[in-house]
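Each chain gets a letter, A, B and so on, in the order its sequence line appears, and its residues count up from 1.
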Amino acid sequence: MKQPLLILTGPTAVGKTALSILLAKAVGGEIISADSMQVYRGMDIGSAKIKKEEMQGVPHFLIDELEPDETFHVVKFQSLARKYMNEIWQRGHIPILTGGTGFYIQAVLYDIDFTQSESDGPYRAELERTAREQGARTLHEQLRLVDPVSARDIHENNVKRVIRALEFYKETGTPISKHNEQERKKESPYQFAYFVLNDDRERLYGRIDKRVDKMIEEGLLDEVKRLKARGFTKEMVSMQGLGYKEMLAFLDGACSFEEAVYILKRDTRHFAKRQLTWFKRERDVIWIDKGAYQYDEKRICSAILEELKNRGWKIGENHEDTVRSNV
RNA sequence: GGAUGGUUUCCCGAGUGGCCAAAGGGGACAGACUGUAAAUCUGCUGGCAACGCCUUCGGUGGUUCGAAUCCACCACCAUCCA
């Protein structure tokens, strides 16, 4: 029997966090954060991390697990998430994957296989140099020779993905396009329900602007100053997060504070749009329009529970029962 | 009251007689994504019955085969002189 897995996601600033707590309490869930920035310790304000008291006793995982100079990526996320899910099931609870990183969610939900290749530092460096010195097209030509399908699908300017495709081929001897094609066909090994919380674009953008203002008030700049003082630089994955790279640019004198804030708001809006694009093409997604529930968290939560019941999930008063019947 | 500079497509901004529905940037919108994903990258942006036609470059009128580009007047903005 498939293990249950709840997913609650949506674009940044829609209000996932508050809802996730309600939902966790309603179904006896524990939360695994699917967020590429909230894993980092010391990055609280900019990543809009949930506060201890907001958790209301609901266990959270993959929050504050790494130092900002550690690299984090899907593969790490996937293996850690898997580990935590197993533990949660063993406790007789339901894991709730919450967060805005669609790629991470996909990796766990469809159990995408990443194990075939190791990242090859020297080879990457060589490819990066080729791109830099001879141009993106030259690199893309190299890909065309070994993996014409990927060459067709990946734009030559997208150097990162061209490099990954070349690296994959070198490591495994098979084109990444072939691997991807197989992975795409996978069915999820879980009994899952994938909810995407959404709102009118205009409202969402308004919330983003407001949230950035609030982050500034709460001391985002100081937070970034502290991180900078500890030696964390813009080259690190963590410091490429929204809020961090902009404040760092200001601190390095690359732009004025006003410009930094403007760019942060704009790029956060762009990010939200990209998230939405991602969720739109994910299969088996259940969209929840906040407006349809008068922006009332409790109503949204009830609607989610209702939907779960319709799908045959047994959500009872007794959480232990709930899980047992699902398992 | 006078002098000069300006008014361009959602915004900024280039364009000084035909190759201009108008460079470039921004925003908006749409999309891709399978080991950096809060990353990286792409497309699109006057209208339409669309290899063509129509409307557009402050307004009106004029010069010209032809005007965003030249002329006249008007309106507004900016700076300077009264």
Q: Rounding to an integer number of angstrom, what distance separates B/rU16 and B/rG31 when you compare their C1' atoms?
A: 40 Å

Q: When you check the phosphate oxygens OP1 and OP2 of B/rA30, does a side-chain N or O of A/Arg201 lie under 4.0 Å from one of them?
A: yes

Q: Give me, pair by pair, the N or O atoms of the protein and of nucleotides 24-27 of chain B that are less than 3.5 Å apart, along with how far apart they are.
A:
residue: B/rG26; atom: O3'; partner: A/Arg266; partner atom: NH1; Å: 3.3
residue: B/rG27; atom: OP1; partner: A/Arg266; partner atom: NE; Å: 2.7
residue: B/rG27; atom: OP1; partner: A/Arg266; partner atom: NH1; Å: 2.8

Q: Describe the nucleic acid contact of A/Thr268 in one word from base, sugar-phosphate, nothing, applying a heavy-atom distance below 4.0 Å.
A: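 Result for A/Thr268 = nothing.
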
Q: Figure out the CG/P separation between A/Asn158 and B/rC41, and round it to whole Å.
A: 6 Å

Q: Which part of the nucleic acid does A/Gly46 contact within heavy-atom distance under 4.0 Å: base, sugar-phosphate only, or nothing?
A: base

Q: Need one value for A/Asp35: base, sugar-phosphate or nothing, where a base atom within 4.0 Å counts as base even if backbone is also close, heavy atoms only.
A: base

Q: Should A/Thr174 and A/Phe168 count as side-chain neighbours, where that means a heavy-atom distance under 4.5 Å?
A: yes

Q: Any idea which of B/rU36, B/rA39, B/rU42 is nearest the A/Phe103 side chain?
A: B/rU36

Q: In the structure shown, which nucleotide is the Watson-Crick or G-U wobble counterpart of B/rU4, with both distances under 3.5 Å?
A: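 Partner of B/rU4: B/rA78.
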
Q: Can you tell me how far apart OG1 (A/Thr98) and NE2 (A/His60) are? Round to the nearest 0.5 Å.
A: 7.0 Å

Q: If we ignore angles and hydrogens, is there a donor and acceptor under 3.5 Å between the side chains of A/Lys273 and A/Thr277?
A: yes

Q: Between the main-chain N or O of A/Glu65 and the side-chain N or O of A/Arg41, is there a donor-acceptor pair closer than 3.5 Å?
A: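 Pair found, side chain donor or acceptor close to backbone of A/Glu65.
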
Q: Rounded to the nearest angstrom, tell me the gap between atom CZ in A/Phe279 and atom P in B/rA30.
A: 15 Å

Q: Do other residues, nucleotides or ligands put more than 12 heavy atoms under 6.0 Å from A/Glu53 CD?
A: yes

Q: Go through it in stages, so that I can follow the logic: the residues are A/Lys265 and A/Asp213, the test is salt bridge (Lys or Arg N to Asp or Glu O under 4.0 Å), and I'd like the CA-CA distance, side-chain angles, deciding distance and then a yes or no.
A: CA-CA 9 Å; A/Lys265 286 178 178 173; A/Asp213 287 334; 2.9 Å; yes

Q: In whole angstrom, what separates A/Lys265's NZ from B/rA28's P?
A: 13 Å

Q: Between B/rA38, B/rU36, B/rC41, which nucleotide has the shortest distance from any of its atoms to the side chain of A/Gln38?
A: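 Selected nucleotide: B/rA38.
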
Q: When you measure from the side-chain N and O atoms of A/Arg161 to the phosphate of B/rU36, is any distance below 4.0 Å, counting only OP1 and OP2?
A: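 No.
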
Q: A/Phe72 vs A/Phe77 aromatic rings, parallel, tilted or perpendicular, using cut-offs 30° and 60°?
A: perpendicular

Q: Sequence neighbours left out, what passes side-chain hydrogen bond (donor to acceptor under 3.5 Å, both in side chains) with A/Glu128? Give chain and number order.
A: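 Testing A/Glu128 for side-chain hydrogen bond (donor to acceptor under 3.5 Å, both in side chains), a comparison that skips the adjacent residues, returns none.
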
Q: Taking atom P of B/rA32 as reference, at what distance in whole Å does atom CH2 of A/Trp278 sit?
A: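 It works out to 10 Å between those atoms.
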
Q: What contact category does A/Asn157 fall into here, base, sugar-phosphate, or nothing, at under 4.0 angstrom with non-hydrogen atoms?
A: sugar-phosphate

Q: Any stacking of A/Phe114 on B/rG35, going by centres under 5.5 angstrom and planes within less than 30 degrees?
A: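 It does not: the two rings, one from A/Phe114 and one from B/rG35, miss the stacking criterion.
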
Q: Between B/rC19 and B/rA72, how many Å separate the two C1' atoms, rounded to a whole number?
A: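 Per the computed distance, 30 Å lies between those C1' atoms.
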
Q: Enter the distance from A/Tyr194:OH to A/Trp287:CH2 here, rounded to the nearest 0.5 Å.
A: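 The CH2 atom of A/Trp287 is 9.0 Å from OH of A/Tyr194, to the nearest 0.5 Å.
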
Q: Taking atom C1' of B/rA37 as reference, at what distance in whole Å does atom CG of A/Leu242 sit?
A: 11 Å

Q: Does B/rC70 pair with anything, Watson-Crick or G-U wobble, both distances under 3.5 Å, and if so, with which nucleotide?
A: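 Paired with B/rG62.
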
Q: Please check the phosphate of B/rA37 (OP1 and OP2 only) for any side-chain N or O of A/Thr101 closer than 4.0 Å.
A: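 No, A/Thr101 has no side-chain N/O under 4.0 Å of OP1/OP2 on B/rA37.
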
Q: Side chains of A/Thr12 and A/Arg211: any donor to acceptor distance under 3.5 Å?
A: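 The answer is yes; a qualifying pair exists.
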
Q: Would you check if there is a donor-acceptor pair between the side chains of A/Glu70 and A/Tyr40 at a distance under 3.5 Å?
A: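 Looking only at side-chain atoms, A/Glu70 and A/Tyr40 do not form any donor-acceptor pair under 3.5 Å.
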
Q: If you only use heavy atoms from C-beta on, which nucleotide in B/rA28, B/rA32, B/rG35 is closest to the side chain of A/Ile176?
A: B/rG35

Q: Would you say A/Tyr104 places a side-chain N or O within less than 4.0 Å of OP1 or OP2 belonging to B/rA37?
A: yes

Q: Quick one: A/Glu235 CD to B/rA39 P, roughly how many Å, whole number?
A: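 Those two atoms, CD and P, are 16 Å apart.
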
Q: Figure out the CD/P separation between A/Gln106 and B/rA37, and round it to whole Å.
A: 14 Å

Q: Using whole Å, report how far CG of A/Leu276 lies from P of B/rA32.
A: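 In whole Å, B/rA32 P lies 12 Å from A/Leu276 CG.
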
Q: By nearest atom, which of the nucleotides B/rU42, B/rA28, B/rA37 is closest to the A/Tyr205 side chain?
A: B/rA28

Q: Considering only B/rG31, B/rU36, B/rA37, which nucleotide approaches the side chain of A/Lys273 most closely?
A: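 Looking only at side-chain atoms, A/Lys273 lies closest to B/rG31.
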
Q: Under 4.0 Å from any atom of RNA chain B, heavy atoms only: list the residues of residues 70-84 of chain A that qualify, in numerical order.
A: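 Contacts with RNA chain B under 4.0 Å: A/Phe72, A/His73, A/Val74, A/Val75.
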
Q: Nearest to the side chain of A/Ser36, heavy atoms from C-beta on, is which of B/rU36, B/rA37, B/rA32?
A: B/rA37

Q: Taking the minimum atom-to-atom distance to the side chain of A/His179, which one of B/rA38, B/rU34, B/rA32 wins?
A: B/rU34

